[in-house]
Amino acid sequence: MVARVIPVNTFDLVIFGGTGDLARRKILPGLFRRFLSGQMPADSRVIGAARSDLNSAGYRDMVRAAIDEFGGDEKAETKKLDAFLAQLEYVPVDAKGDGGWKELAALSRTDVVRAFYFSVAPSLFGDLAERLHTHGIAGPKSRIVVEKPFGRDLDSAKELNATLAQHFDESQIYRIDHYLGKETVQNLMAVRFGNILFEPLWNNHYVDHIQITVAETVSVGGRGAYYDRSGAMRDMVQNHLMQLLCLIAMEPPSKFGADEVRDEKLKVIRALQQVEPHHIVRGQYDAGKDTQSYREDAENPRSFTESFIAMRCEIANWRWSGVPFYLRTGKMLKARSSEITVVFKELGHSIFEDDDTSHQNTLSIRLQPNEGMDLQVTIKEPGPGGMRLVDVPLDMTFAEALGDTDIEVTDAYERLIMDVIRGNQTLFMRGDEVEAAWGWTDPIIQGWEARNDVPKIYEPGSSGPEDAMMLLHRENRKWRNIKA
Ligand code: NAD
């Protein structure tokens, strides 16, 4: 099966922070891949805008090096890379001053889709939004893309929303959460809402519990000072894990449209109950044989910031009442693995007397690595010897059926950027969703601060603190193994 490429209209994409780490590692290599797929019309332009004193030729050299370093197999295609680079421009711009804005305005076209990617620190969002208007660069149909972190608590998120709202309508604002751009996250919705099989089971009658794990092997080294002011709750739970939780728990929207989906997600966040302190385990990684401890990486010997968190949440509505949602994320864990697993209930009664083991169907959605899905089903163990049962995975990625060699691997960033160009906000967070998520997160963090809560130390390369295991063990459940 050959992948269908949906054409897009001619666009100008201005990347503020176009020389930064995110632009070089994700945005520009992603755009090049879209170019190779024929999704960048020849008269479209990408305009880098940042503080560095470069001209367009210098910028193209920088982008060539970035694609060489961070691009995938496609970097070999030199001629095509030259053609892509020819569509790039650069303007040195000062977000806080006057420098560069006239030059940027001179490049501005009004007859194409205009998008502005704010790949800069959030403290510059307001300055950029304001100057885009005072210099007449943005219009009522322009779009802005903003990166995380979107605030560090409810007040700052509200302030950021209000600042952007002075210049842009909500329909023009695209708040990125790259987890939503992943193929399997969308496949989760296809499986849930495109089949009749799952929906009748998707509730507290049949689901025992749900686990969401986002495990990383990296430390906070290099960005320790930033991370120490944030921690796993702000950096990962409030946005990424919360978004995944919403998609797995939301009611079926009336259609796969931006507001329909986001309305349902918002209802989930609002139905989340406050988490009791004894249902949360925070951790900090210890030093390893050749690795520093969290506190050394953060250069803060008295830090109480968590590099790991596990928690048990509940959603107070008809569908989910009584079903625990266990969330877990951390740095320096044993493998890099992100996974959502729906664990169904055990059978009420087994008719197979030869089999005395317990069986639970599970549906796992793997986000990384190896995006895919599998459903564990129970079958008869092959061969003679009675009716012994065994659990086997039913691979639901159907790579073979779909002819995997022709399917393009689309990175989350490039998919989301193309959604911006198409004007599709479905996979972006709405302002009220972000505020609701902070509204749920804030009292939990305030509780730790008030109690001077000290994170538990865990071994690097482990699955986190022992107490995180206990969170499930004491309810006769267990975490799925973290494996690559
Ligand atoms: P970075 O420090 O590598 O780059 C910052 C960019 O902003 C540079 O291009 C710099 O020239 C530009 N800049 C700084 N001050 C400016 C000013 N006054 N006027 C104009 N341009 C200015 O940062 P980054 O890692 O690329 O991150 C950018 C944003 O993306 C941040 O909000 C960050 O939180 C977010 N983010 C980054 C990553 C990542 O992997 N790097 C991941 C998620 C979110």
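Note that ligands are numbered from 1 as they come in the structure, with each ligand's atoms numbered from 1 the same way. By convention here, the first residue in the shown sequence is residue 1. The model shown is predicted, which means the values in this text are computed figures rather than measured ones.
Across D235, T19, V120, heavy-atom proximity to atom 10 (C) of ligand 1 is greatest for T19. Evaluated by nearest non-hydrogen atom to atom 16 (C) of ligand 1, the leading choice among L124, D177, D127 is L124. In the candidate list L128, I176, D94, L22, L22 is nearest to atom 26 (O) of ligand 1, counting heavy atoms. Evaluated by nearest non-hydrogen atom to atom 22 (C) of ligand 1, the leading choice among R51, R131, R223, K148 is R51.
Heavy-atom neighbours of K158 NZ from other residues, nucleotides or ligands within 6.0 Å: at or below the threshold of 12. For E103, the CD atom sits in a packed shell: over 12 heavy atoms of surrounding residues, nucleotides or ligands are nearer than 6.0 Å.
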Could you go through I445 and M233, starting from their C-alpha distance and side-chain angles, then the distance that decides it, and tell me whether this counts as side-chain contact (heavy atoms from CB on, under 4.5 Å)?
CA-CA 8 Å; I445 297 176; M233 185 70 158; 3.9 Å; yes
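Within ligand 1, the atoms closer than 4.0 Å to a non-hydrogen atom of P149 are 34 (O), numbered from 1 in the order shown. Residue E147 approaches ligand 1 through these ligand atoms, each under 4.0 Å from one of its heavy atoms: 30 (O), 35 (C), 36 (N), 43 (C), 44 (C). Close approach of ligand 1 to A95 (heavy-atom distance below 4.0 Å) involves ligand atoms 17 (C), 18 (N), 19 (N), 20 (C). In summary, the atoms of ligand 1 found under 4.0 Å from a heavy atom of P122, numbered by their order in the structure, are 32 (O). Within ligand 1, counting atoms from 1 as listed, the ones closer than 4.0 Å to a heavy atom of A50 are 9 (O), 11 (O), 21 (N). Every atom of ligand 1 with a heavy atom of G20 under 4.0 Å away is listed here by number and element: 3 (O), 4 (O), 8 (C), 9 (O), 26 (O).
By the definition of a contact as any protein heavy atom under 4.0 Å away, atom 19 (N) of ligand 1 is in contact.
You'll find the side chain of W479 reaches within 4.5 Å of the side chain of M469, heavy atoms only.
Between K96 and ligand 1, a contact under 3.5 Å exists for no N or O pair. Polar contact check, A49 against ligand 1: no nitrogen or oxygen pair lies under 3.5 Å apart.
Residues H209 and F325 place their aromatic rings such that the two centres sit no closer than 6.0 Å. Not less than 6.0 angstrom separates the ring centroid of Y285 from the ring centroid of F308.
Judged by the shortest distance from any of its heavy atoms, R25 lies inside the 4.0 Å radius around the atoms of ligand 1.
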